[in-house]
2 protein chains.
Amino acid sequence: MKSKNVVAALAALAQDARLAIYRLLVEAGPAGLPAGEIGKSLSIPAPTLSFHLAQLQQAGLVTRRRNGRQLIQAAAFDRMNAVIAYLTENCCGGDMSACATVGTVKCTPKSITRAKARKKRMR
Amino acid sequence: MKSKNVVAALAALAQDARLAIYRLLVEAGPAGLPAGEIGKSLSIPAPTLSFHLAQLQQAGLVTRRRNGRQLIQAAAFDRMNAVIAYLTENCCGGDMSACATVGTVKCTPKSITRAKARKKRMR
DNA sequence: TTCATATTTCCATAAACATGGAAATGTTTT
DNA sequence: AAAACATTTCCATGTTTATGGAAATATGAA
């Protein structure tokens, strides 16, 4: 991942409203949320919300698909994980004696494809 | 960690020069680097560098200690880890069936305390 | 104390960003 | 086709941020 893209992603998240939006989408998972719900949830006027969602999308942190008149927004987990990797890369010059790497969790939602397929089968 | 602090940390990193500085410090580990070396390494004029280092410190991502006339800068790993935790928190509403959490590495350098103590003993 | 080195503060300038009303654009329902 | 809904584009406004020269401050060395 290029530095330019990381800066863009960080800049996108470095703002009250957008950070709140992003976290809502992380919580929502691959299913995502329609823009309108986000706006209601956080009390953001439509034009302002639209501006922020565009920023998040341009930064690659959010993807969108249309469902009727709604535009469903979803967090792009891969991109977030790449940003985190970039930030912690080469820690302590890779010297394992100076730097303990401990196991932790990285959010990796199961692709929505399977969930969708399950829903379709249920109809 | 409060949203305000996360925004501050992300804003601090959302800039070419500062991201480069921060990564240099991650690589350097707890030993850190004097401001001057950073400036030379990245070709940043002193006043500009001073401005950026102040931003990083205010955001809590960098700590400083004086060594003679030099000011040694070091990455604040705890803070970075807290920011990452905030960003991935509550993924998929915590629904483990939708969200696979996979083991990865989190940079946790051994405290410099022990290294310092060892050096002192060697004198 | 005088000199050299390291870093900061001061400041002016230029550029980028956030906000939300009004009007425009798609999309579904009647 | 008209009405209703969801979202975007346009735009004027105010705010924040980055940059680096010149001068100030702090620390150590001669």
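Below, read A as the first sequence line, B as the second, and so on, with proteins coming before strands; counting in each chain starts at 1.
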Side chains of residues 4-17 of chain B: which donor-acceptor pairs under 3.5 Å do they make with residues two or more places apart or in other chains?
unit_1, atom_1, unit_2, atom_2, d
B:Gln15, OE1, B:Ala17, N, 2.8
B:Gln15, OE1, B:Arg18, N, 3.2

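Atoms CG (A:Leu13) and C1' (C:dC17) sit 16 Å apart, rounded to a whole Å. Rounding to whole angstrom units, CG of residue A:Leu53 and P of C:dA18 are separated by 13 Å.
With A:Gln73 as the partner, the side-chain hydrogen bond (donor to acceptor under 3.5 Å, both in side chains) test is satisfied by one option alone out of A:Glu37, A:Arg64, A:Gln57: A:Arg64.
For C:dT7, the OP1/OP2 oxygens have no side-chain nitrogen or oxygen of B:Arg64 closer than 4.0 Å. For the OP1/OP2 pair of C:dA16 and a distance below 4.0 Å, the side-chain nitrogens and oxygens of B:Gln15 include no atom meeting the criterion.
Considering CZ of A:Arg65 and CD1 of A:Ile72, their distance stands at 5.5 Å, rounded to 0.5 Å. Atoms CD1 and CD1, from A:Ile38 and A:Ile44 in turn, are 8.5 Å apart once rounded to the nearest 0.5 Å.
Taking A:Glu89 as the reference, B:Arg23 meet the salt bridge (charged side-chain N to carboxylate O under 4.0 Å, His left out) condition, with sequence neighbours excluded.
Residues from residues 66-75 of chain B lying near DNA chain D, meaning a heavy-atom separation below 4.0 Å, are B:Arg66, B:Gly68, B:Arg69 in numerical order. Sorted by residue number, the members of residues 40-52 of chain B with any non-hydrogen atom under 4.0 Å from DNA chain D read B:Pro45, B:Pro47, B:Thr48, B:Phe51, B:His52.
Protein chain A contacts DNA chain D from D:dA4 to D:dT9, reading 5' to 3' and using non-hydrogen atoms of the protein with a distance under 4.0 Å.
Across all their heavy atoms, A:Pro30 and A:Pro109 have their closest contact at CG-CB, 3.4 Å.
Side-chain contact check for B:Thr48 versus B:Pro45: some heavy-atom pair is nearer than 4.5 Å.
Annotation: salt bridge (charged side-chain N to carboxylate O under 4.0 Å, His left out) contacts involving residues 71-82 of chain A, sequence neighbours excluded, are absent.
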